[in-house]
**Student:** 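Here's a structure for you.
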Amino acid sequence: MEADVPLEALLEDILCAPLLRSVGIPTSETAAILAFAGDLRRLTHGDQLLRKAGLNLAERTSGKYKGHIKLAKRENALLRKHLFFTALHLIGTSPVFSPGHERNVTVKRMTPMQSVMKLTRKLARVLVAMARTGQPFQCDRGKPPAA
């Protein structure tokens, strides 16, 4: 394979790539997520993708103290990084993720980092669901109908 092949041409051969791009994920992030996560169609739930990235909750304990529930951070750090930065990108550009972040911070009184982590989890669930069903992202899906 040639080294000068553009990334877009390589992503054309991958079935899930156009679905990920329909959310608004940049080309480089799409390639990174697919490279580190593998075939998203094999996963049954977004939590499996989060576990693969090390974003699942675990209790940190020792013999001397009772630990707190924190992120495990035991698995693929690069997948975790790309999911996080993709969620940040979507918070800045997406008509679905931006209002969700604003609502989390202002109404639900979350810290901005808690909101980003919550939206990272939502992103993982959306990506796995799109890969399993083969349907592109729809902005209006999940919203109540207008009266």
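Along the sequence shown, the residues carry numbers beginning at 1.
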**Student:** Is it true that Ile14 and Ile33 fall in one hydrophobic cluster, defined by side-chain heavy atoms closer than 4.5 Å?
**Tutor:**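 Hydrophobic grouping puts Ile14 with Ile33.
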**Student:** Calculate, to the nearest 0.5 Å, the distance between atoms CZ and CD belonging to Arg80 and Glu75 respectively.
**Tutor:**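 One finds 9.0 Å between CZ of Arg80 and CD of Glu75.
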**Student:** Would you say Ser94 and Val23 make side-chain contact, with heavy atoms under 4.5 Å?
**Tutor:**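 With C-beta onward as the side chain, the pair stays apart.
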**Student:** Between Asp47 and Arg121, does at least one N-O distance fall below 4.0 Å, as a salt bridge requires?
**Tutor:**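 The answer is yes: the pair qualifies as a salt bridge.
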**Student:** Spell out, as yes or no, whether a donor-acceptor pair under 3.5 Å connects the side chain of Arg51 to the backbone of Leu55.
**Tutor:**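 No: the side chain of Arg51 does not pair with the backbone of Leu55.
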**Student:** What's the separation between atom CE in Met110 and atom CZ in Arg103, rounded to the nearest 0.5 Å?
**Tutor:**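 It is 10.0 Å, given to the nearest 0.5 Å.
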**Student:** Are the side chains of Leu20 and Leu11 in touch, meaning some heavy atoms are under 4.5 Å apart?
**Tutor:**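 They are not in contact (no side-chain heavy atoms under 4.5 Å apart), so the answer is no.
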**Student:** Is there a side-chain contact between Met130 and Pro136 (heavy atoms, below 4.5 Å)?
**Tutor:**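 No; the side chains remain at least 4.5 Å from each other.
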**Student:** Short question: side chain of Arg132, backbone of Arg41 - any donor-acceptor pair under 3.5 Å?
**Tutor:**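 Yes; at least one donor-acceptor contact below 3.5 Å.
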**Student:** Looking at CG of Leu19 and CG of Leu34, how far apart are the two atoms once the value is rounded to the nearest 0.5 Å?
**Tutor:**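 Interatomic distance, Leu19 CG to Leu34 CG, rounded to 0.5 Å: 9.5 Å.
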**Student:** Any side-chain heavy atom of Phe36 within less than 4.5 Å of one from Lys52?
**Tutor:**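 Phe36 vs Lys52: side chains apart.
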**Student:** Would you say Val126 and Phe84 are hydrophobically clustered, going by side-chain heavy atoms of ILVMFWY under 4.5 Å?
**Tutor:**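 Cluster IDs for Val126 and Phe84 match.
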**Student:** Looking only at atom types and distance, does a side-chain atom of Gln114 sit under 3.5 Å from a main-chain N or O of Thr111, one as donor and one as acceptor?
**Tutor:**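 Yes, Gln114 side chain to Thr111 backbone: donor-acceptor pair under 3.5 Å.
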**Student:** Could you tell me whether the side chain of Thr30 reaches within less than 4.5 Å of the side chain of Pro26, counting heavy atoms only?
**Tutor:**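 A side-chain contact under 4.5 Å is absent here.
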**Student:** What distance separates Glu29 CD from His82 NE2, expressed to the nearest 0.5 Å?
**Tutor:**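 That separation rounds to 5.5 Å.
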**Student:** Let me check something: do Met113 and Leu90 share a hydrophobic cluster, defined by ILVMFWY side-chain heavy atoms less than 4.5 Å apart, either directly or through other members?
**Tutor:**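 Yes, it is one cluster - the side chains of Met113 and Leu90 are joined through contacts under 4.5 Å.
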**Student:** Identify which one of Thr86, Ile91, Leu49, Val128 satisfies the side chain to side chain contact (heavy atoms under 4.5 Å, CB included) criterion when paired with Leu123.
**Tutor:**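 Between Leu123 and the candidates, side chain to side chain contact (heavy atoms under 4.5 Å, CB included) is satisfied uniquely by Thr86.
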**Student:** Just by distance, with hydrogens left out, do Thr44 and Gln48 show a side-chain donor and acceptor under 3.5 Å apart?
**Tutor:**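 Yes, a side-chain donor-acceptor pair sits under 3.5 Å.
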**Student:** Roughly how far, to the nearest 0.5 Å, is the SG atom of Cys16 from the CZ atom of Arg21?
**Tutor:**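 If we round to the nearest 0.5 Å, Arg21:CZ and Cys16:SG are 14.0 Å apart.
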**Student:** Could you grab the distance from atom CZ of Phe85 to atom CD1 of Ile25, nearest 0.5 Å is fine?
**Tutor:**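 If I round to the nearest 0.5 Å, the distance is 15.0 Å.
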